[in-house]
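Just the heavy atoms: all of them, side chains too, but no hydrogens, waters or symmetry mates, feed the values below.
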Amino acid sequence: MDSKLDKGYEPHDVEAHWYAFWESEGLFAAKESGDENAYSIVIPPPNVTGVLHMGHALNVTLQDILCRYRRSKGDNVLWMPGTDHAGIATQNVVERQLATEGTDRHKVGREAFIERVWEWRKQYGGAIINQLKRLGASCDWDRERFTMDEGLSRAVRKVFVDLYDQGLIYRGDYIINWCPRCHTALADLEVEHEPTDGKLYQILYPFAQGEGGLVVATTRPETMLGDTAVAINPKDKRYAELEADKVILPIMNREIPIVRDSYVDTKFGTGALKVTPAHDVNDFEIGLRHDLPRIKVIGEDGCMTEEAGDYQGMDRFECRKKVVEDLKKLGLLKKIEPHEHGVGQCYRCKTTVEPNLSKQWFVKAKPLAEKAIKAVETKKTRIIPEVWEKTYFEWLYNIRDWCISRQIWWGHRIPAWTCADCGEVMVRLEDPEKCACGSTNLEQESDVLDTWFSSALWPFSTMGWPENTELLKTYYPTSVLITGFDILFFWVARMMMMGLHFMDDVPFKDVYIHALVRDEEGKKMSKSKGNVIDPLEVIESQGTDAFRFTLASFAAMGRDIKLSVKRIEGYRHFINKLWNAARFTLGHIEKNPDAAANASKPTAIPDRWILSRLHQVTQQVEETLDSYQFNEAANILYKFVWHEFCDWYLEAVKPILYDETGKFDRNTTIATLQRVLTNTLVLLHPFIPFVTEELWHHMPGTQGSIMKAPFPADTDEAIGLCPDKEAEGEMELVMGMVTAIRNIRGEMNIPPNMALATVVQPSDEANSIIIEREKDLIANLARLSSMKIDLNRPKGAATAVVDGNTVYVLLEGVIDLDKEEARLEKEIAKLTNELIKLDKKLNNEDFLAKAPDDVVEKVRGQQAELTEKRDHLESNLEKVRQIHGDKG
RNA sequence: GGGCGGGUAGCUCAGUUGGGAGAGCACCGGCCUUACAAGCCGGGGGUCACAGGUUCAAGCCCUGUUCCGCCUACCA
């Protein structure tokens with residue numbers, strides 16, 4: 001391998017190369033079983049029709065971070081991938097394809113159509129999978145599953161049959177949400193309510209006998225054709241004296257009863273409600289209570305049925321206009337007023353949904369929901385962040401039966417047969433051949449199941465259930481589910497219900513809910529001024545690693561993520577920074593190939609300091625990842641690499657590396673450098689897998705893939721991770737003094753190439769020793785020509801106070817006294833401000849009495865420190881003013 | 001109607017038991033210092049939406065107000 005690195009990092013080839021390498025080496029493969037701790041995640045299966053969007057990118061990145069991290073900790077990791085057959089969506093896609101060929105599914109026929117869908121899947125179904133690979137996803141691809149696979153289909157069938165036998169699935173005539181365009185029933189969840197400006201029509205229904213009538217209000221006048229009653233509240237005083245018990249339904253001229261039902265809201269409109277049991281959920285229930293007929297006037301195609309009389313065949317919205325017109329002519333339309341209300345739309349095609357009477361299959365949700373609630377209450381499953389628990393409970397407490405049948409062709413066909421001769425319904429695991437009555441004239445239910453029915457089984461169906469497989473024994477329940485809150489109900493809650501019912505255990509121990517990047521469907525995308533960003537374009541322009549690091553640092557955000565290319569760029573720079581730090585390191589290793597072998601225990605403060613820092617960073621990364629604080633982990637590493645390792649450590653050890661000190665062993669420093677970089681790569685690998693793998697292979701002493709490298713741990717080695725408080729303290733003093741001197745340089749506009757002479761008055765003997773020991777280091781970092789320890793105050797100097805030590809930058813002749821005066825005044829003002837606050841605290845009796853001792857001590861310490869610092873600066877300001885006065 | 005989340009630097013946002021207000025980008029000034037100009041050094045900038053309250057101490061806890069967003073719902 002070429003050990004030389006290019007000047008800048010070029011992600012393109014590197015990414016493709018290493019991904020292929022990982023796959024060919026089988027590094028993503030999970031073992032069926034083993035002694036290691038088992039760690040498992042099932043991927044939220046993207047729609048097979050899907051195209052990678054930001055939501056996937058974030059979701060997959062977080063899962064990949066966890067999986068790679070857990071592998072480095074020695075776990076046996078299973079990340080189960082796959083896709084969802086997405087019934088309606090996929091069927092739509094293929095139907096559109098047929099349309100371009102001038103045909104449709106009805107002409108083609110059911111079997112041939114399903115063939116076509118499979119063909120489509122074969123050809124295009126892998127697109128989303130390949131896009132996940134671009135992100136670096138380390139799924140066990142050999143186990144890839146599809147909800148329509150044979151095995152998963154068997155699981156679906158078993159679940160259906162069992163639930164039916166247990167009385168938890170039933171079939172019946174109910175009001176369901178009907179999409180006239182998709183031609184199928186929808187679950188309540190699949191209907192989106194859009195606020196729409198509609199109209200409220202008030203219509204007079206005359207009494208059957210005598211004068212007058214009742215005025216009812218509706219937003220859907222066309223449904224009146226199917227009215228079978230008018231309802232009023234029995235407590236409504238306005239109607240207490242009402243004698244009439246029938247009205248004439250206008251247009252249809254049908255006599256319908258006036259019923260009394262407490263559902264009616266006396267405060268709304270006239271308090272009289274038209275009842276259409278076949279086209280409204282509430283009316284349906286009123287109808288049940290009063291035994292009203294159900295007249296279906298709107299058909300499955302959205303057009304009026306023959307029950308609608310003269311309006312038969314009309315589109316429902318055309319009919320609305322015509323009915324209104326006709327009512328006007330009859331003088332029965334009393335009022336039209338604007339009325340905003342929520343109109344249900346199909347979540348797939350946005351067509352206005354029609355509540356419609358229909359025979360459908362339902363899952364009795366309550367008994368299943370109870371267990372799902374309890375599992376979260378008892379923390380068998382933790383939802384993280386916890387705030388989402390409330391939403392989860394809220395929905396499950398109010399859960400309604402789940403309509404699972406869909407009148408489409410693509411999906412799991414319901415395993416129910418009806419005997420054409422005796423009407424017997426058979427729900428069987430194996431296709432029945434004949435009925436108990438002897439008839440072989442059986443007809444299978446034509447409906448298929450809701451796609452979510454099969455994805456609710458995902459955590460165990462993918463592992464081979466209903467067989468009791470090794471995989472299930474090893475990996476169920478899964479360790480964590482990573483998902484967005486948008487499918488908390490659709491998917492998470494239903495997996496909980498099914499998992500608990502069929503596996504008798506929760507499907508996952510943790511659920512981590514992350515923020516959402518609104519999809520290209522862009523509900524509110526137009527609002528947020530930023531354009532939709534395509535993850536693949538980002539990967540092209542910025543590289544996967546930069547993109548992933550950005551996403552990780554976004555993980556903690558609330559509910560919405562606004563991604564800016566600018567911000568990703570910042571992390572691309574970070575990747576490049578790391579690259580160059582490695583380039584620098586490798587250059588020195590190359591010049592001294594035997595350094596590591598000849599190294600000894602580090603004595604130089606920067607070496608000891610960086611090892612101590614790495615020790616702490618390692619612990620922090622562990623803690624934050626274990627608690628799903630992805631952004632924290634990413635930020636800790638970012639700061640460590642850039643602002644500690646690069647900004648301070650590399651600069652600090654340059655003199656040693658160039659062997660200019662005569663004091664320190666170059667081999668030891670090179671070995672430390674190597675050790676720190678190597679371990680840092682391992683820490684970073686879960687976040688930025690490609691660049692770290694690339695650099696790993698350039699590092700001497702590494703073997704194989706970085707994916708196999710263990711997470712850094714403390715060792716007894718000479719150069720190992722260990723806390724070193726002394727080195728940290730000493731380095732902090734060094735950094736403080738260097739920064740203070742640089743500040744003077746910057747504010748006084750002294751060119752960087754001008755070396756400065758300094759004098760230091762140490763605060764005490766201990767500091768004096770440290771400063772004496774580290775003065776070369778300080779001098780190098782601050783570009784000093786000299787640093788003398790001297791208790792006398794020099795003339796014509798700029799001053800800084802660090803930790804009680806006063807630093808004088810000698811600038812006689814060069815110093816701009818005006819500037820120095822201003823600079824000191826500014827600094828003193830700042831200190832005074834802070835001191836006022838501290839004084840206030842310390843003069844407060846209550847604070848002294850009630851605050852914990854350590855807090856009081858801390859404030860006292862601060863006060864002393866700042867006071868001393870201010871005193872020093874003030875006396876120096878005095879001095880400057882004297883000189884200034886002499887001159888001026 | 002019910003529920004939830006948010007309002008912190010010019011912008012995008014962090015801030016997990018209440019105890020010195022942060023990052024990135026943008027901005028200003030100085031640097032081609034032999035890993036990196038995708039860089040280095042320094043700097044300015046915030047009554048943490050508003051009003052009360054609890055507390056020795058509030059960005060953080062409580063109450064109210066306001067603005068924005070989301071989820072959910074069977075008011076025709």
Discussion item. Rounded to whole Å, how long is the line connecting atom CD of A:E194 with atom C1' of B:C70?
Written reply: 13 Å
Discussion item. If I take atom OH in residue A:Y392 and atom P in nucleotide B:C71, what distance separates them, rounded to the nearest angstrom?
Written reply: 21 Å
Consider the side chain of [X], meaning its heavy atoms from C-beta on, and name the nucleotide among [options] that approaches it most closely.
X: A:V855; options: B:C75, B:G19, B:U72; value: B:G19
X: A:H341; options: B:A76, B:C74, B:U72; value: B:A76
X: A:K826; options: B:A76, B:G44, B:C71; value: B:G44
X: A:W642; options: B:C70, B:U72, B:G39; value: B:G39
X: A:F268; options: B:G44, B:C75, B:G39; value: B:C75

Quantified in whole Å, what is the [atom1] atom distance between nucleotide [N] and nucleotide [M]?
N: B:G42; M: B:G53; atom1: P; value: 44 Å
N: B:U47; M: B:C41; atom1: P; value: 29 Å
N: B:G20; M: B:A26; atom1: C1'; value: 27 Å
N: B:G45; M: B:A23; atom1: P; value: 14 Å
N: B:C50; M: B:G7; atom1: P; value: 12 Å
N: B:G59; M: B:G19; atom1: P; value: 10 Å
N: B:C48; M: B:C11; atom1: P; value: 16 Å

Practice prompt. State, yes or no, whether a side-chain contact exists between A:K235 and A:S262 at a heavy-atom distance under 4.5 Å.
Written response: no
Worksheet item: Does some side-chain heavy atom of A:W642 sit less than 4.5 Å from a side-chain heavy atom of A:L637?
Response: no
Any side-chain to backbone donor/acceptor pair from [X] onto [Y]? Under 3.5 Å, distance only.
X: A:T669; Y: A:R666; result: no
X: A:R320; Y: A:P221; result: no
X: A:N843; Y: A:D839; result: yes

Discussion item. Regarding A:E569, tell me which of base, sugar-phosphate or nothing describes its non-hydrogen contacts under 4.0 Å with the strands shown.
Written reply: nothing
Worksheet item: Counting any heavy atom closer than 4.0 Å, what does A:K819 reach on the DNA or RNA strands: base, sugar-phosphate only, or nothing?
Response: nothing
Worksheet item: Considering residues at least two apart in sequence or located in another chain, which fulfil the salt bridge (Lys or Arg N to Asp or Glu O under 4.0 Å) criterion with A:D545?
Response: none
May I ask you to evaluate whether [X] reaches the phosphate of [N], defined as a side-chain N or O under 4.0 Å from OP1 or OP2?
X: A:H573; N: B:G39; result: yes
X: A:N743; N: B:G43; result: yes
X: A:K274; N: B:A76; result: no

What N/O pairs connect the protein and nucleotides 52-61 of chain B at under 3.5 Å? Give each pair on its own line.
unit_1	atom_1	unit_2	atom_2	d
B:C56	OP1	A:K850	NZ	2.5
B:C56	O2'	A:N844	ND2	3.0

Response to the item:
Per side-chain contact (heavy atoms from CB on, under 4.5 Å), A:L695 is matched among A:L677, A:I688, A:V14, A:L5 by A:L5
Item to complete: Quick one, give me the B/S/- string for nucleotides 30-36 of chain B, reading 5' to 3', where B means a protein heavy atom under 4.0 Å from the base and S means that only happens at the primed atoms, P, OP1 or OP2.
Response: SS-S-BB
Discussion item. Please determine whether a side-chain nitrogen of the Lys or Arg among A:D803 and A:K869 lies less than 4.0 Å from a carboxylate oxygen of the Asp or Glu.
Written reply: no
Worksheet item: Looking just at side-chain N and O atoms, do A:E540 and A:H12 make a donor-acceptor pair shorter than 3.5 Å?
Response: yes
Discussion item. Determine whether the aromatic ring centres of residues A:Y571 and A:F547 are separated by less than 6.0 angstrom.
Written reply: no
Worksheet entry | Residues which pass side chain to side chain contact (heavy atoms under 4.5 Å, CB included) with A:T266, listed by chain and number, not counting sequence neighbours | A:N233, A:D236, A:R238
Worksheet entry | Secondary-structure string, 5' to 3', Watson-Crick or G-U under 3.5 Å, | for another-strand partners, for RNA chain B | (((((((..((((.....[..)))).(((((.......))))).....(((((..]....))))))))))))....
Discussion item. Can you pull out the residues from residues 857-864 of chain A that lie within a 4.0 Å heavy-atom distance of RNA chain B?
Written reply: A:Q862
Discussion item. Could you measure the distance from the NE2 atom of A:H573 to the CD1 atom of A:I568? Nearest 0.5 Å is fine.
Written reply: 12.0 Å
